[in-house]
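In what follows, a structure is listed as structure tokens, so that the remarks can point back to it.
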Protein chains: 2
Amino acid sequence: MANIQQVAKYAGVSVATVSRVLNGQDKVAVKTKLKVEEAIQHLNYEPSMLGRNLRNSESRIVLILIPTISNPFYFEIIKGIENMALSQNYNILLCETDSSPEKEDIYFDLVRKKMADGIISMDPAVNVETLKTLSEKYAIIQCSEYGGGVDIPYVTIDSEEASYRAVKHLIQMGHRRIALMNSDEKFLYARERRMGYQRALEEHGIPLNKEYIFYTKELGFEQGQQAMKKILQLKERPSAVFAVSDLLAIGALKEINAAGLRVPEDVAVVGFDKIDFSNMTNPTLTTVAQPMYKMGTIAATMLIDKIQGRHVDSVVLEHELVIRESTSG
Amino acid sequence: MANIQQVAKYAGVSVATVSRVLNGQDKVAVKTKLKVEEAIQHLNYEPSMLGRNLRNSESRIVLILIPTISNPFYFEIIKGIENMALSQNYNILLCETDSSPEKEDIYFDLVRKKMADGIISMDPAVNVETLKTLSEKYAIIQCSEYGGGVDIPYVTIDSEEASYRAVKHLIQMGHRRIALMNSDEKFLYARERRMGYQRALEEHGIPLNKEYIFYTKELGFEQGQQAMKKILQLKERPSAVFAVSDLLAIGALKEINAAGLRVPEDVAVVGFDKIDFSNMTNPTLTTVAQPMYKMGTIAATMLIDKIQGRHVDSVVLEHELVIRESTSG
DNA sequence: CTGAAAGCGCTAACAT
DNA sequence: ATGTTAGCGCTTTCAG
């Protein structure tokens, strides 16, 4: 396979000139340029990024850290990141951490070893200490999820407010016994969403019933089913459930159905994320929409700015409550 | 940031020795090794893959080409590929082509430019000619989808047989008016599945009714809804539908429900792929399971073998019909 | 506008 | 067992 030397030789110019033609920055005489281009054509030359990357001390690869690829919530965000990255000549390495520190470390190593120029972390379970240390030397952005108190730029929504609005909607639909299906409160967003839930209840004079708050280990379908099973066994059965992820909510839907109850007549359900599937269920799911694609593009822009040494500020984006059949069938 | 030179200097040895310690192949005296390791520790040294990659003329990155990340069908396959790749020190670049030749070409360029060592293509819409040309110079494996007649190793299942069994199951459940929801027959797997469908009908003396065959542009939920809408308008309404993807089938489910009909009493439905979500619907979906994780690991193994110059043969894996509520509620 | 030459960080062949 | 050295393929001063 031809390299830049051979092209230079064939074209009768120096490698520097070939490089100039390749990068199109410096001025090259039209005639010379033509010669070089012909040589490139003739030799079927493709510049090697390996050489270029070493020379430039960059990999033009950015890491996306997600807990699991199976949660559709990440799709649109990833698309946003990808398109923005691509437009800036960066490629993305999608890294599934399975929320495991060991796997996480494999990927962190990639930036330590210069195989990646930066990281967009969407993993709430990420080892915050490591991330913090890393962020002193490398470009890191937190997207959607973020650890509090750490000085790493993030893009996210106001979880407390979103949660507040979702619960308020349920209250306005006449519900007073509202269950919360939350994930572990070691995650900041989980604490925030619980606070929004409480604020809505308080504001409407509904006393907090701790029996109505359920914690799940993960945000998946099965966890939603299990939690819903417990909820349905309560003496004073809630008439509504607010789940902090759509998959949880869909699990709840399924379980309610299995128990022979109807949504929303017997139990209303609200999810969170507006994943594609939330519109495929029967009934369709009321849910909180995050501007995922936009969040992705912004995260990518922030990261690239950071990589290139520019200053970046954190961003909080708007969200929207999408009312569908599961609360107002 | 420290480089190998500085480590060598600090340890009072040559760079070659440091490299030896790093790679652990050649023999190094324990004492020397200790000195080097201390230097590495002290200087916080991390070997740069940029230098190593250039030197070794490899990137240790493999490309996965998929039409869209939104189809959960790919999850398990990707996990399989990823785990196998990781265990061999390869990383994966997930590339969404959107079935667009332009985007495809961006990714092909990555291997032309040595940024990737090989490709696992799962995109049926891939430009077969380009792929063929590429495969003469680079390592390429087709996974799950493959173009016929091209001499590129693949791993897949027997689509014709899988389709045959799915339809046979419907016939055995007493159905005789069975619709087929297929994708464009420019794809080999679509032609094969149609053939399996026909074989099952023929074998049971059911005449082929062309009105019962529907083609969709994509394999998504919306396409399933649209096709089902048309199916429900037929004078002689089919009593069963075989869709070549779970998402199509789930769209059909939704539409049947919307029309006030029941599954499987009024219309039975069979999908294809056994995506996670096929178990979350109501009713749960009868579907054809492919050994996706295994397919992924095999594809990765094949690719790495190919990259490293070993010979590889194509593989056809077993499938399984998973009978659930949508055909035998 | 073009060329010569240095060097990014690493590995491996060769020499000792 | 260890050191010396020549590149891998590219970009970018610096001279001319």
Side-chain angles (χ1 to χ4, degrees), chain A residues 1-37 39-40 43-61 89 109-117 137 308, chain B residues 1-40 43-61 89 109-117 308:
Chain A
M1 235 152 292
N3 62 19
I4 199 171
Q5 308 268 8
Q6 294 162 28
V7 175
K9 194 170 174 186
Y10 187 93
V13 300
S14 73
V15 291
T17 301
V18 178
S19 176
R20 288 187 184 106
V21 172
L22 250 28
N23 296 293
Q25 309 274 34
D26 290 342
K27 295 235 155 295
V28 178
V30 184
K31 224 173 97 187
T32 321
K33 193 174 166 189
L34 249 43
K35 272 196 301 183
V36 173
E37 277 164 351
I40 290 176
L43 297 171
N44 241 308
Y45 168 69
E46 296 278 355
S48 156
M49 304 208 65
L50 296 176
R52 164 197 274 256
N53 286 349
L54 173 59
R55 171 65 220 221
N56 294 345
S57 294
E58 62 173 14
S59 63
R60 297 210 84 87
I61 286 182
N89 277 303
D109 254 6
L110 255 32
V111 2
R112 296 195 191 99
K113 294 189 174 161
K114 308 264 194 313
M115 190 70 251
D117 296 340
K137 293 177 74 177
Q308 303 183 345
Chain B
M1 235 153 293
N3 62 19
I4 200 171
Q5 308 268 10
Q6 293 162 30
V7 174
K9 195 169 172 186
Y10 186 92
V13 300
S14 74
V15 291
T17 302
V18 178
S19 177
R20 287 185 186 108
V21 173
L22 250 29
N23 295 293
Q25 309 274 37
D26 289 341
K27 295 233 154 298
V28 177
V30 184
K31 225 173 96 187
T32 321
K33 194 174 167 190
L34 249 42
K35 274 196 300 184
V36 172
E37 276 163 352
E38 203 217 298
I40 290 176
L43 296 171
N44 243 308
Y45 167 70
E46 296 277 358
S48 157
M49 304 209 64
L50 261 25
R52 162 198 276 257
N53 286 349
L54 173 59
R55 171 64 218 220
N56 295 346
S57 294
E58 62 173 12
S59 63
R60 297 209 84 87
I61 286 181
N89 277 301
D109 254 6
L110 254 32
V111 2
R112 295 196 192 100
K113 294 188 175 163
K114 308 265 194 311
M115 189 73 249
D117 295 340
Q308 303 183 347

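Chain letters run A, B, ... following the sequence lines, proteins first and then strands; every chain starts at 1.
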| field | Side chains of A:N3 and A:V7 in contact at under 4.5 Å (non-hydrogen atoms) | value |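 Not touching, per the 4.5 Å side-chain cut-off.
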| said: Any non-hydrogen side-chain atom of A:V36 less than 4.5 Å from a side-chain atom of A:Y45? | reply: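 Counting from C-beta outward, A:V36 and A:Y45 never come under 4.5 Å.
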| message | Going by the rule salt bridge (Lys or Arg N to Asp or Glu O under 4.0 Å), which residues pair with B:R55 if we only count those two or more places apart in sequence or in a different chain? | response |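 Checked B:R55 against salt bridge (Lys or Arg N to Asp or Glu O under 4.0 Å); zero matches.
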| request: Could you list the residues that satisfy side chain to side chain donor-acceptor pair (under 3.5 Å) with A:N53, not counting sequence neighbours? | output: none
| request: Identify, with sequence neighbours excluded, every residue that meets side chain to side chain donor-acceptor pair (under 3.5 Å) alongside A:S19. | output: A:N23
Under the side-chain contact (heavy atoms from CB on, under 4.5 Å) rule, collect the residues that match up with [X], sequence neighbours excluded.
| X | value |
| --- | --- |
| B:E37 | B:V21, B:K33, B:L34 |
| B:S48 | A:K114, B:L50 |
| B:Q308 | B:R60, B:Y90, B:I304, B:R310 |

| Pairwise ring-ring contact (aromatic ring centres under 6.0 Å, His included) hits with a residue in residues 16-36 of chain B, at least two apart |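 Those involving residues 16-36 of chain B do not exist here.
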| said: Under the ring-ring contact (aromatic ring centres under 6.0 Å, His included) definition, can you give me all pairs with a residue in residues 7-30 of chain A, not counting sequence neighbours? | reply: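 Every ring-ring contact (aromatic ring centres under 6.0 Å, His included) pair that includes a residue of residues 7-30 of chain A, provided the two are not neighbours, is A:Y10-A:H42.
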| query | Between which nucleotides of DNA chain D, read 5' to 3', does contact with chain A run, using atoms under 4.0 Å from its heavy atoms? | reply | D:dG9 to D:dT13
| task | Verify side chain to side chain contact (heavy atoms under 4.5 Å, CB included) between B:I61 and B:D117, making sure each step is shown before the conclusion. | result | CA-CA 6 Å; B:I61 286 181; B:D117 295 340; 5.9 Å; no
| Members of residues 25-38 of chain B that approach DNA chain C, where some heavy atom sits under 4.0 Å away |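 DNA chain C contact set from residues 25-38 of chain B: none.
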| task | Scan nucleotides 8-14 of chain C nucleotide by nucleotide, 5' to 3', and note B when protein non-hydrogen atoms come under 4.0 Å of the base, S if they reach only the sugar-phosphate, - if neither. | result | BBBBBB-
| request: Enter the distance from A:Q6:CD to A:I40:CD1 here, rounded to the nearest 0.5 Å. | output: 13.0 Å
| field | Five-pair end axes of the helix from C:dC1-D:dG16 to C:dT16-D:dA1 and the angle they enclose, rounded to 10° | value | 40°
